[in-house]
Amino acid sequence: MADARRTAAQARLETVVAENRFGIAVLAPLIGAASLLAGARGFLPAWLAFSPALLVFGTAMLRFPLAAAIAPELDRRALAVLAALCGYTYLIEHVGVTTGWPYGAFSYGVELGPMVAGVPLALPLFFLPLVLNAYFLALALLGERARAPHLRLPAAVGLVLLVDCVLDPGAVALGFWSYADGGLYYGIPLSNYLGWALSGSVAVVALDVTFDHRALRARLDACSFALDDLVSFVVLWGLVNLAYANWVPVLCTAALVCGLLATDRFDLALARGDGEGGVREWG
């Protein structure tokens with residue numbers, strides 16, 4: 001009975017995502033980018049600009065496609081590992097905020113939802129999906145070569161770093177956080193990317209050990225919306241970086257877009273917004 005309810009809930013979630021692909025993957029990040037830029041430039045009232053509740057709610061909504069894609073692969077072991085990764089995420093961020101290691105001395109300029117000991121409570125919602133998206137994209141781009149861990153793991157970690165080459169400059173420009181000593185890359189020090197290489201590698205290896213990459217690849221084949229969360233990421237942060245003339249991050253965004261297009265898992269339904277192109281098979 002419990003399995004039947006879970007299957008039904010997963011099917012409903014996939015239906016909702018498939019029928020609202022354009023709204024979730026394109027329209028929502030467009031609105032999000034406009035709201036963030038308006039807030040940063042003082043065009044919104046203080047209570048609305050960078051509202052912590054809206055930031056968390058909006059991010060959670062953008063995660064729906066990824067959640068629907070990975071839900072069938074979540075058993076007790078996977079949930080335990082994800083819980084451990086959440087704990088790891090909090091720990092390394094707290095160490096980073098208090099000591100400056102491994103990312104470099106930084107501080108938050110905006111409350112990204114409720115904060116506990118200087119760390120956003122919703123931090124795993126912000127970080128872990130980026131790693132999952134990078135892992136999914138690596139599997140899609142490598143194809144049959146993804147069977148080789150010496151290709152699969154470095155590709156996923158490399159994509160995590162590419163994602164942060166887009167994220168961090170936009171977030172710093174908006175004032176989400178800043179680095180005490182600045183840095184050559186849009187105010188970001190090299191230590192930040194060394195830190196991301198560490199935390200990203202830990203997360204990628206944990207996911208790779210936990211999930212069967214062949215099963216995840218099958219989900220990619222089954223769900224045309226499996227990478228829509230990454231689509232919303234490039235729309236939102238690509239526009240933010242474009243608005244601030246952060247040209248290297250814009251080029252990094254373009255590289256991610258090329259990667260998404262190369263997966264050949266998108267159809268005209270996403271552009272039309274007609275709700276087609278969801279799950280091609282269930283199981």
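Positions are given from 1 along the sequence.
- D228 CG to L62 CG: the interatomic distance, rounded to the nearest 0.5 Å, is 10.5 Å.
- Residues G39 and L44 approach most closely at N-CD1, 3.8 Å, considering heavy atoms.
- In this structure a side-chain-to-backbone donor-acceptor pair under 3.5 Å is present from R63 to L125.
- For an aromatic pair to be called close, the ring centres must be under 6.0 Å apart, and F211 with Y135 fails this.
- Proximity of a side-chain donor or acceptor of N20 to a complementary backbone N or O of V16 within less than 3.5 Å is detected.
- Hydrophobic clustering keeps L153 apart from L194 (ILVMFWY residues linked when any side-chain heavy atoms are closer than 4.5 Å, directly or through intermediates).
- Taking the centre of each ring, W196 and F127 come in below the 6.0 Å mark.
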How far apart are the C-alpha atoms of I188 and D164, what are their side-chain angles, what is the distance that settles it, and do they pass the side chain to side chain contact (heavy atoms under 4.5 Å, CB included) test?
-> CA-CA 11 Å; I188 304 157; D164 192 48; 5.9 Å; no

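- Here the straight-line distance linking atom OG1 of T15 with atom CD of Q10 works out to 11.5 Å at 0.5 Å rounding.
- With hydrogens and angles disregarded, a donor-acceptor distance shorter than 3.5 Å links the side chain of R77 to the backbone of T210.
- In terms of heavy-atom proximity, L161 sits nearest to A197 at CD2-N, 3.7 Å.
- Taken to the nearest 0.5 Å, the CZ atom of R12 stands 10.5 Å off from the OG1 atom of T7.
- Linking Ile, Leu, Val, Met, Phe, Trp and Tyr whenever their side-chain heavy atoms come within less than 4.5 Å puts L121 and L91 in one cluster.
- V257 and L251 fall into different hydrophobic clusters, where Ile, Leu, Val, Met, Phe, Trp and Tyr are joined by side-chain heavy atoms under 4.5 Å apart, directly or via other members.
- Here D168 pairs with W177, Y179, N192 under the side chain to side chain donor-acceptor pair (under 3.5 Å) rule; sequence neighbours left out.
- Within the model, atoms OG of S232 and CG of L27 stand 12.0 Å from one another, a figure rounded to the nearest 0.5 Å.
- The closest side-chain heavy-atom distance from I24 to D229 is not below 4.5 Å.
- Every residue was checked against the side chain to side chain donor-acceptor pair (under 3.5 Å) condition with D75, not counting sequence neighbours, and none meets it.
- Looking at F233 and N133, their side chains never come closer than 4.5 Å, going by heavy atoms from C-beta outward.
- Considering all non-hydrogen atoms of both residues, C252 and V166 come closest at CB-CG2, 3.6 Å.
- Here the closest non-hydrogen pair linking L141 and A262 is CD2-CB, 3.9 Å.
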Checking side chain to side chain contact (heavy atoms under 4.5 Å, CB included) for the pair L66/L230: CA distance, chi angles, key distance, verdict?
-> CA-CA 9 Å; L66 182 62; L230 191 53; over 6 Å; no

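- Under the 3.5 Å distance criterion, the side-chain polar atoms of Y108 are left unmatched by any main-chain donor or acceptor of V97.
- At a threshold of 4.5 Å between non-hydrogen side-chain atoms, the residues P124 and L85 do not count as touching.
- Note that the CZ atom of F136 and the NE2 atom of H213 stand 13.0 Å from one another [nearest 0.5 Å].
- The shortest distance between side-chain heavy atoms of L74 and L82 falls below 4.5 Å.
- By the 4.5 Å heavy-atom criterion applied to side chains, Y103 and I92 are counted as neighbours.
- Scanning all heavy atoms of the two residues, the minimum distance from A173 to N246 falls at CB-ND2, 4.2 Å.
- Not a single donor-acceptor pair under 3.5 Å links the side chain of N241 to the backbone N or O of V250.
- Of all the heavy atoms in A69 and C223, the pair that sits closest is CA-SG, 4.3 Å.
- Residues L236 and L36 have side chains in contact (heavy-atom distance under 4.5 Å, counting atoms from C-beta outward).
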Stepwise side chain to side chain contact (heavy atoms under 4.5 Å, CB included) test for T253 and L242 | CA-CA 10 Å; T253 303; L242 185 63; over 6 Å; no

Stepwise side chain to side chain contact (heavy atoms under 4.5 Å, CB included) check, L112 with L123 | CA-CA 8 Å; L112 304 179; L123 184 63; over 6 Å; no

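- Linking Ile, Leu, Val, Met, Phe, Trp and Tyr residues whenever their side-chain heavy atoms come within less than 4.5 Å places F22 and I31 in a single cluster.
- Under the 4.5 Å side-chain contact rule for hydrophobic residues, V95 and Y193 share a cluster.
- Residue-environment remark: CZ (R147) stays at or below the threshold of 12 foreign heavy atoms within 6.0 Å.
- Listed by first and then second residue, the ring-ring contact (aromatic ring centres under 6.0 Å, His included) pairs involving residues 25-75 are F50-F176 (not counting sequence neighbours).
- Taking CG from L256 and CG from L162, the interatomic distance works out to 4.0 Å, rounded to the nearest 0.5 Å.
- No side-chain heavy atom of C165 sits less than 4.5 Å from a side-chain heavy atom of P249.
- By the 4.5 Å heavy-atom criterion applied to side chains, L167 and L130 are counted as neighbours.
- Without hydrogens or angle criteria, Y186 side chain to V248 main chain gives a donor-acceptor distance under 3.5 Å.
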